[in-house]
Every structure is written in C-alpha cells, then in structure tokens.
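For reference, the structure discussed in these notes is given below.
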Amino acid sequence: MSQAAKVLQLFKTLHRTRQQVFKNDARALEAARIKINEEFKCNKSETSPKKIEELIKIGSDVELILRTSVIQGIHTDHNTLRPPLS
C-alpha cells in the first residue's frame with residue numbers, strides 16, 4: 001500500500017473512531033474533528049518518507065489509545081459520574 005493510501009486510511013479510521021468513542025457528545029465530537037483535521041493539514045506538505053512513516057505511527061497510536069482508553073461519563077452530581085446509557 002502506498003504512503004498516500006496509508007495516510008488516507010488513517011485519516012478515515014481516526015474519524016470513525018472519533019464517532020464511536022464520542023457518540024452522543026457533540027462538543028467532544030467537534031473538538032476531535034477539528035484536532036484531527038488540523039494535524040493532517042499541518043503535515044500535508046511533508047515529503048520525507050521517514051517522517052511520514054513516523055507520523056502514521058503516531059496517528060495509529062492515538063487511534064489505539066482513543067479506542068481502548070477513553071471512557072465517557074455523565075455527571076450526576078458534584079462528585080459522581082455514571083456511564084452513559086447505550
């Protein structure tokens with residue numbers, strides 16, 4: 001797979017993960033969308049294959065962390081969180 005295809009696949013995967021992880025949280029969905037787009041836009045002129053591979057690795061690691069480590073909760077009072085209803 002070419003590097004361009006890998007980058008596009010990562011971009012799409014990050015957005016799909018964002019939609020799953022932050023489902024029903026409009027503020028978090030929007031913030032994550034903006035951050036993903038900003039990071040890809042900042043690096044779109046990168047031409048070094050080695051640097052692109054590093055960026056792909058970082059993006060893949062971020063996706064894994066989002067998928068496996070982020071939990072959402074709803075404040076029920078000052079010191080209490082509960083899981084959202086599915």
Side-chain angles (χ1 to χ4, degrees):
M1 180 183 293
S2 74
Q3 276 192 325
K6 287 180 185 178
V7 170
L8 182 58
Q9 181 181 14
L10 176 61
F11 182 80
K12 289 178 178 182
T13 301
L14 281 164
H15 277 290
R16 280 191 214 104
T17 300
R18 165 189 72 89
Q19 290 173 330
Q20 292 171 347
V21 170
F22 300 118
K23 180 176 50 176
N24 300 325
D25 186 345
R27 200 167 87 191
L29 279 166
E30 182 65 10
R33 183 188 68 77
I34 290 169
K35 184 63 175 171
I36 292 166
N37 290 345
E38 275 179 5
E39 291 299 322
F40 276 81
K41 190 174 184 178
C42 284
N43 293 295
K44 80 177 189 177
S45 60
E46 184 59 57
T47 57
S48 165
K50 185 175 179 181
K51 178 68 174 171
I52 293 170
E53 280 302 319
E54 289 174 16
L55 291 167
I56 290 170
K57 173 74 170 104
I58 291 168
S60 297
D61 292 348
V62 167
E63 192 276 334
L64 179 65
I65 290 168
L66 278 173
R67 196 168 19 90
T68 60
S69 301
V70 174
I71 58 170
Q72 295 243 269
I74 298 171
H75 282 277
T76 56
D77 63 41
H78 180 67
N79 290 326
T80 308
L81 289 172
R82 70 167 174 81
L85 302 174
S86 296

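As the structure is a prediction and not an experimental result, all values here were calculated from the model.
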Supply the atom-to-atom distance Leu10 CG to Lys6 NZ, rounded to the nearest 0.5 angstrom. 11.0 Å

Please answer: with hydrophobic residues joined when any side-chain heavy atoms are less than 4.5 Å apart, are Ile36 and Val70 in the same cluster? yes

Check the pair His15 / Arg18 against side-chain contact (heavy atoms from CB on, under 4.5 Å), numbers first and verdict last. CA-CA 5 Å; His15 277 290; Arg18 165 189 72 89; 3.1 Å; yes

Under 4.5 Å between side-chain heavy atoms, hopping through other hydrophobics if needed: is there a path connecting Ile56 to Leu66? yes

Shortest non-hydrogen contact from Ile52 toward Glu46: CD1-O, 3.6 Å

What one should report as the nearest heavy-atom pair of Leu29 and Phe22 is CG-O, 3.4 Å

Is any NZ, NE, NH1 or NH2 atom of the basic residue among Glu38 and Lys41 found under 4.0 Å from an Asp or Glu carboxylate oxygen of the other? no

If every non-hydrogen atom of Leu14 is compared with every non-hydrogen atom of Val62, which pair is closest and at what distance? CD2-CG1, 4.3 Å

Using the side chain to side chain donor-acceptor pair (under 3.5 Å) rule, collect all pairs that involve residues 52-69, keeping only residues at least two apart or in two chains. Gln3-Glu53, Thr17-Glu63, Lys57-Asp61, Glu63-Arg67

